[in-house]
Every structure is written in structure tokens, then in C-alpha cells.
Amino acid sequence: MINERYPIGQYEAPESITQEIRDNWIEDISTFPTRLKEIVESINEEDQHLTYREGAWSIRQLVHHIADAQINVYTRIKLALTEENPTIKPFEENGWAALADSNIELASSLSIIQGLHARLSYLLANLSEEQLKKTFIHPDTGIQTVEKTMGFCVWHVNHHLAHIKNALEKRNH
């Protein structure tokens with residue numbers, strides 16, 4: 001039985017992050033916007049309100065959440081690269097998902113994701129080993145490195161992509 005909440009499992013950072021792992025993550029980040037768009041661009045208004053489980057965010061909210069989260073990931077990485085061990089501010093995901101801009105068409109968030117992922121994958125591909133080890137402090141999860149954040153970013157977008165796929169599958173049952 002698939003875990004509806006964590007369809008790809010919970011995030012587990014690799015003990016050792018090799019260049020091959022980082023290259024795969026960067027590839028995943030650069031291809032994610034296309035993979036997401038292929039799934040959501042043709043769904044109708046009604047289907048955008050589908051959820052993957054009772055009480056969960058709708059497909060529309062998930063797409064907007066991905067954009068919100070990626071804005072935050074990008075900012076955290078840039079802060080870590082330009083400041084000495086900054087403390088970041090987490091965002092209240094449920095509050096953000098309930099705001100009026102979560103009702104706007106998907107195209108706006110798909111554009112944000114496309115642009116952010118282009119910049120993020122380029123930035124990450126051009127970092128030195130020293131830059132990849134730069135840190136920030138997350139008030140809830142402690143010290144995070146740029147490279148560990150890269151891995152979590154990949155897991156997070158794929159986690160929600162699986163939610164979207166599962167919501168669409170429920171439509172067919």
C-alpha cells in the first residue's frame with residue numbers, strides 16, 4: 001500500500017554527497033519544470049481542485065506551493081552564499097496556501113518555477129566545493145548546507161509531483 005502522504009518516501013539525505021549525486025540533482029532541478037508542465041498544463045479547472053487524499057491541498061494549491069517553496073529555497077541558498085551562516089525565516093506553508101494568490105491560474109506559478117529552476121540549476125552547477133559547504137541556520141532543522149538543501153529541494157518537488165499524479169489517478173477511479 002502506497003503512503004498517500006509520502007508517496008516517494010520521506011527525505012533522507014545521503015551520508016556522502018558525491019559529484020555524481022550533485023550532477024543528478026542539478027539535472028532533476030533543470031528538468032522539473034517541463035515534467036510538471038506536461039502533467040498539469042492540460043488539466044481542466046475542475047480537476048485542479050482534486051486532492052491526493054482527504055484534507056490535502058488541491059492540485060492548484062500544490063503547484064502554487066511548489067513555486068512558493070522554490071522561491072524560499074533559492075533565497076536560502078543565495079543568503080548562505082553571500083552571508084556568514086545566516087538564520088533564515090521559515091514560511092507558514094498552510095497560511096501561504098490559503099492566500100488569494102493560490103486561486104490564480106497555474107501558468108503564473110509554472111512561469112516562476114521555470115525561471116527559478118533555470119537560475120537555480122545554473123547557479124548550483126557553477127559552485128565550488130567550498131560554496132557547496134556554505135551554511136545557513138533553519139530555526140526548526142538547524143544548520144543546513146547548500147548541497148544538502150539541493151537534495152531536499154529535489155525530493156520536495158518530486159514529492160509534490162507524486163501528489164499531483166496521485167490526485168489525477170483518483171479522478172479515474
Side-chain angles (χ1 to χ4, degrees), residues 2-37 39-40 52 56-57 61-97 99 101-102 108-166:
I2 191 166
N3 180 333
E4 287 184 317
R5 189 162 182 206
Y6 296 101
I8 65 169
Q10 291 187 288
Y11 179 66
E12 291 183 35
E15 272 187 42
S16 173
I17 301 173
T18 64
Q19 185 61 48
E20 181 181 1
I21 289 172
R22 288 192 302 254
D23 289 345
N24 288 336
W25 285 344
I26 291 166
E27 177 68 17
D28 212 327
I29 289 167
S30 74
T31 62
F32 177 76
T34 301
R35 291 183 288 126
L36 176 63
K37 187 176 180 182
I39 291 170
V40 302
Y52 61 95
W57 290 337
Q61 287 174 303
L62 285 165
V63 171
H64 294 314
H65 166 71
I66 293 167
D68 291 342
Q70 294 310 93
I71 290 167
N72 278 276
V73 163
Y74 186 68
T75 302
R76 291 169 186 180
I77 288 172
K78 297 272 276 203
L79 287 169
L81 292 170
T82 60
E83 298 179 18
E84 191 62 38
N85 204 32
T87 299
I88 60 95
K89 174 141 181 27
F91 71 106
E92 175 44 55
E93 297 174 353
N94 288 319
W96 284 40
L99 293 172
D101 63 337
S102 289
S108 62
S109 283
L110 292 173
S111 293
I112 289 170
I113 294 164
Q114 179 73 43
L116 269 175
H117 277 237
R119 290 190 62 183
L120 185 58
S121 61
Y122 184 86
L123 174 66
L124 294 170
N126 288 286
L127 295 179
S128 68
E129 284 291 324
E130 180 182 338
Q131 289 173 311
L132 289 162
K133 305 294 186 218
K134 295 277 241 170
T135 60
F136 64 86
I137 299 170
H138 189 294
D140 299 327
T141 59
I143 296 173
Q144 302 296 321
T145 65
V146 169
E147 69 181 353
K148 285 184 181 177
T149 301
M150 184 188 332
F152 181 79
C153 167
V154 168
W155 172 84
H156 184 256
V157 295
N158 287 317
H159 164 73
H160 288 309
L161 187 62
H163 285 154
I164 292 167
K165 289 176 182 177
N166 290 346

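For this chain, numbers begin at 1 and follow the sequence in order. No hydrogens, no waters, no symmetry mates; every other heavy atom, side chains included, goes into these values.
Counting heavy atoms of neighbouring residues, nucleotides and ligands inside a 6.0 Å radius, atom CD of Glu12 does not exceed 12 of them. With a 6.0 Å radius and a threshold of 12 heavy atoms from other residues, nucleotides or ligands, Ile143 has its CD1 atom at or below the threshold.
When all heavy atoms of Pro139 and Ile88 are compared, the closest pair comes out as CD-O, 3.3 Å. Nearest heavy-atom pair, Trp57 versus His65, reported as atom, atom and distance to 0.1 Å: CZ3-CG, 3.2 Å. Counting all heavy atoms, side chain and backbone alike, Pro90 lies closest to Arg76 at CA-NH2, 3.7 Å. Residue Asn126 comes nearest to Gln131 through the heavy atom pair O-OE1, 4.1 Å, listed as atom of the first residue, atom of the second, then distance. Nearest heavy-atom pair across Ser121 and Ile26 is O-CG2, 3.7 Å.
Side chain of Trp155 to main chain of Gly9: a donor-acceptor pair is present (N/O by atom type, distance under 3.5 Å, no hydrogens or angles). Listed for the Thr87 side chain is no donor-acceptor partner under 3.5 Å among the backbone atoms of Ile137. Of the possible donor and acceptor atoms, one in the side chain of Arg35 sits under 3.5 Å from a partner among the backbone N and O of Asp28. No donor-acceptor distance shorter than 3.5 angstrom exists from the side chain of Gln144 to the backbone of Thr149, with no hydrogens or angles considered.
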Verdict with reasoning, Leu132 to Ile17, per side chain to side chain contact (heavy atoms under 4.5 Å, CB included)
CA-CA 10 Å; Leu132 289 162; Ile17 301 173; over 6 Å; no
Let me see the working for Leu161 and Phe32 under side chain to side chain contact (heavy atoms under 4.5 Å, CB included), right down to the final yes or no.
CA-CA 9 Å; Leu161 187 62; Phe32 177 76; 4.0 Å; yes
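A donor-acceptor contact closer than 3.5 angstrom links the side chains of His160 and His163.
With sequence neighbours excluded, no residue satisfies salt bridge (charged side-chain N to carboxylate O under 4.0 Å, His left out) with Glu92.
Using the six-membered ring where Trp is involved, Phe91 and Trp96 have ring planes that are tilted, between 30° and 60° apart.
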